Amino acid sequence: KTMPTRRKPPIPVSGVVYGEIIYWGTCISALLVIVGTIRSFLETGSLVSVSYLLDAALSGKNVETIWATSEIQRVPNISFYISTWTNGESLTVIGIAAGVLIVIPAIFFSSVYLWRSNNHIFAIVALISGFLTLLAPTGWFSP
């Protein structure tokens, strides 16, 4: 007697779309982080010295103190990283941010395919979670 073969259920297109976007977005952001990290260690005359950041972090200083006593003398915001995007530190931070934020387009694109496959409730929930994720960095609904 032979065992009956079990067929795997088909993977929904919405799951494939979500997974592909997350996969490729993560790969690209990881490359940015690697290039940025290598560049950070090779740069001379950077606005933010890697050796200073490592020494300060390993000595137990808090974030505000580290940045206040750095060359830029303030905690950097997104405009700092965008304006200095060719620096290693900025490439690293932009890569990390891209890796985290890639979930937003993945949710929105997968919700379209959920809707097309008549999973309307899941599509609506995906859209709601996508908008909440989009708004989360603004702090709009934080306590």
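As the structure is a prediction and not an experimental result, all values here were calculated from the model. Values below: every heavy atom of this structure, side chains too, minus hydrogens, waters and symmetry copies.
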To check you understand the geometry: which heavy-atom pair defines the closest contact between L91 and T86, and what is its length? CD1-O, 4.4 Å
Between atom OG of S129 and atom CD1 of I104, what is the distance when rounded to the nearest 0.5 Å? 10.0 Å
Got H120 and L114 here, is their nearest side-chain heavy-atom distance under 4.5 Å? no
Got V16 and Y113 here, is their nearest side-chain heavy-atom distance under 4.5 Å? no
For F108 and F131, I'd like to know if the aromatic rings sit close, meaning centre-to-centre distance below 6.0 Å. yes
Between N87 (side chain only) and E89 (backbone N and O only), is there a donor and an acceptor less than 3.5 Å apart? no
Would you say the side chain of F122 lies within less than 4.5 Å of the side chain of L127, judging by non-hydrogen atoms? no
Evaluate side chain to side chain contact (heavy atoms under 4.5 Å, CB included) for E43 paired with V50, printing each intermediate quantity in order. CA-CA 9 Å; E43 283 178 336; V50 174; over 6 Å; no
Quick one: do L54 and F41 satisfy side chain to side chain contact (heavy atoms under 4.5 Å, CB included)? Show the steps, please. CA-CA 11 Å; L54 286 173; F41 282 103; 3.9 Å; yes
Can you tell me how far CD1 of I96 sits from CG of L101, rounded to the nearest 0.5 angstrom? 11.5 Å
Nearest 0.5 Å please: distance from the CD1 atom of I22 over to the SG atom of C27. 11.0 Å
More than 12 heavy atoms of other groups within 6.0 Å of L58 CG: yes
Can you tell if the side chain of T92 reaches within under 4.5 Å of the side chain of L32, non-hydrogen atoms only? no
Does S29 reach the side chain of I102, with side-chain heavy atoms less than 4.5 Å apart? no
Transitively linked via ILVMFWY side-chain contacts under 4.5 Å: Y81 with V63? yes
Does Y52 reach the main-chain N or O of I66 with its side chain, forming a donor-acceptor pair under 3.5 Å? yes
